[in-house]
Amino acid sequence: MAQIQFPYLGNSLVMAIVILTHVFLAFIAVGGITIAVVSEYIGYTKKSPYHDLLAKKYMNFISNLMKVGGVFGTAIVVLLIGLFGEFTKTLFNIFFFPLLLEALMFFVLFASSIYYRETWNNTKNKKLHLFSGFIAALAGIIAAFIINTVWSFMLTPGSYFKNPSMTSAVFNPLAFSSFTHLIIPCVINSAFFFFIYSFYKIKTGNLEERPFYKWAGDYTGKITAIFILFQIVSGILFLLTIRAIDNSIFTKIVAGDASIFFYSMITLAAIAAISSIIFLLTRKQAYVVLLLGGLAVYLAFPLGGYTRERARKPYLIQGYMYMDQRLATAQGVKKEVTKENILAKYGCLSCHKFKGQGGTFGPNLTNVRLKLNKNQIKSILKAPPPGMPPFGGDDKGIEQITETLLNK
Ligand code: HEC
């Protein structure tokens with residue numbers, strides 16, 4: 001079956017756009033429900049009507065957002081199966097039960113948030129109402145945790161492929177620091193969204209509404225600013241964890257060909273941190289400053305996601321499967337090897353170009369015969385340089401590849 005190629009944009013870019021849009025909306029929804037239920041709880045215990053009103057407005061907005069987010073979520077699954085079938089099959093096999101649990105969590109999230117939204121005015125049973133909101137938030141957070149385990153597994157599969165077990169895949173080396181770095185922006189993205197809305201309402205809303213929106217702007221602004229500072233700490237920890245697990249990934253992030261995205265993100269994060277500190281110190285006078293900081297975060301968000309994807313290149317699953325869904329381990333490759341296809345069969349073309357075909361991660365091998373002799377090529381295959389995986393074949397394979405590279 002021929003591999004589908006998405007017209008115009010290419011498979012990777014289509015995935016990136018759809019996933020980023022979904023993640024952006026999903027973050028606002030998960031963070032928003034959490035802020036809503038916590039605010040309602042504060043409103044209930046402290047008898048503060050503003051907290052309660054804010055919670056209610058949040059929920060109305062989020063329930064629409066969740067529908068749009070859900071459409072994008074479905075599109076992700078369709079695109080994954082159609083465009084990256086082998087890869088999707090691998091992940092769904094490894095994470096079958098966690099993903100099933102995730103589907104259940106979506107159901108709980110949707111059902112309980114509908115109940116939460118629809119029973120707002122039934123004040124007789126406030127505790128039950130709060131409880132349904134709490135369940136919705138928890139289901140969203142668990143779903144985020146599960147997706148995060150799959151995502152972090154792709155970067156740090158740990159010992160899974162040597163010793164496969166579902167638990168080791170779920171609790172892969174990066175699972176927790178990656179989760180913290182993912183759940184904090186849920187809060188930031190949604191608090192900042194409401195902050196922008198409040199800012200707009202303060203400028204344009206009618207007079208009765210203004211006191212509420214002034215309060216709401218200050219409240220969501222504080223949450224935004226504090227969580228931006230948390231996120232910076234979690235980012236540093238995340239990066240240090242990556243360095244401890246696999247220094248080559250760390251080097252790719254800070255010094256590889258995608259490091260420009262990383263440093264742009266760092267610059268935006270610095271702007272966000274400074275604006276957050278100014279806002280927290282001066283508060284209401286500094287609305288515009290925080291607006292700038294929050295927008296910097298929204299820009300940093302896709303840059304961070306992109307940096308993380310690039311950190312894995314040329315792999316889809318680090319060390320195991322290449323971007324073109326070829327397996328890095330060359331098991332079962334030896335049959336059907338011919339002179340024409342040998343470099344493809346052993347996965348070399350995932351990274352190297354040879355006579356016009358292949359990737360650009362490693363040097364072009366077309367004229368390598370002018371640079372290296374037979375023994376040098378053999379010793380490279382026996383002891384590959386950093387960035388190149390160990391050779392999966394035997395001595396005969398090495399001989400055949402060397403011949404291919406040396407022939408005109
Ligand atoms: C995961 C990516 C990757 C794969 C797969 C890969 N290589 Fe490499 N290879 C590299 C990188 C990166 C370098 C350059 C390392 C450096 O800068 O020293 C390299 C260097 C080389 C060199 C030295 C080239 C030169 O100009 O000095 C040869 C020869 C080579 N690879 C052959 C192969 C062969 C044959 C295969 C398949 C069996 C293969 N590589 C598979 C990434 C890869």
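Here, residue 1 is the first one in the sequence, and each next residue gets the next number. In listed order, ligands and their atoms are each counted from 1. All values below come from the heavy atoms of this structure, side chains included, with hydrogens, waters and symmetry mates left out.
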Exercise for the section: Hey, could you give me each pair passing ring-ring contact (aromatic ring centres under 6.0 Å, His included) that has a residue in residues 53-83? Not counting sequence neighbours. Expected result: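 Counting only pairs at least two positions apart or across chains, the ring-ring contact (aromatic ring centres under 6.0 Å, His included) contacts touching residues 53-83 are Y58-F194, F61-F193.
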Handout entry: pair R369-L405: side-chain heavy atoms closer than 4.5 Å
Key =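 Result no, sub-4.5 Å side-chain heavy-atom pair not found.
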Problem - Closest heavy-atom pair and its distance - V170, P98 - result: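 Heavy atoms only, the tightest pair is CG2-CG, 3.8 Å.
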Problem - Close-range residues for ligand 1, whose non-hydrogen atoms fall below the 4.0 Å threshold - result: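 Within the 4.0 Å shell of ligand 1, which is judged on heavy atoms, sit P314, Y315, Y322, G347, C348, C351, H352, F361, G362, P363, L365, K371, I380, L381, P385, P386, G387, M388, P389, F391, I401.
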Problem - Single hit among K56, K126, K46 for salt bridge (charged side-chain N to carboxylate O under 4.0 Å, His left out) with E40 - result: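 That would be K126; it is the only one of K56, K126, K46 passing the salt bridge (charged side-chain N to carboxylate O under 4.0 Å, His left out) with E40.
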Handout entry: Q357, CD: over 12 other non-hydrogen atoms inside 6.0 angstrom
Key =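 No, CD of Q357 has 12 or fewer neighbouring heavy atoms, counting only those of other groups under 6.0 Å.
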Problem - F27: which of Y298, F192, F301, F227 passes ring pair (Phe, Tyr, Trp, His ring centres under 6.0 Å) - result: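 The passing option is F301.
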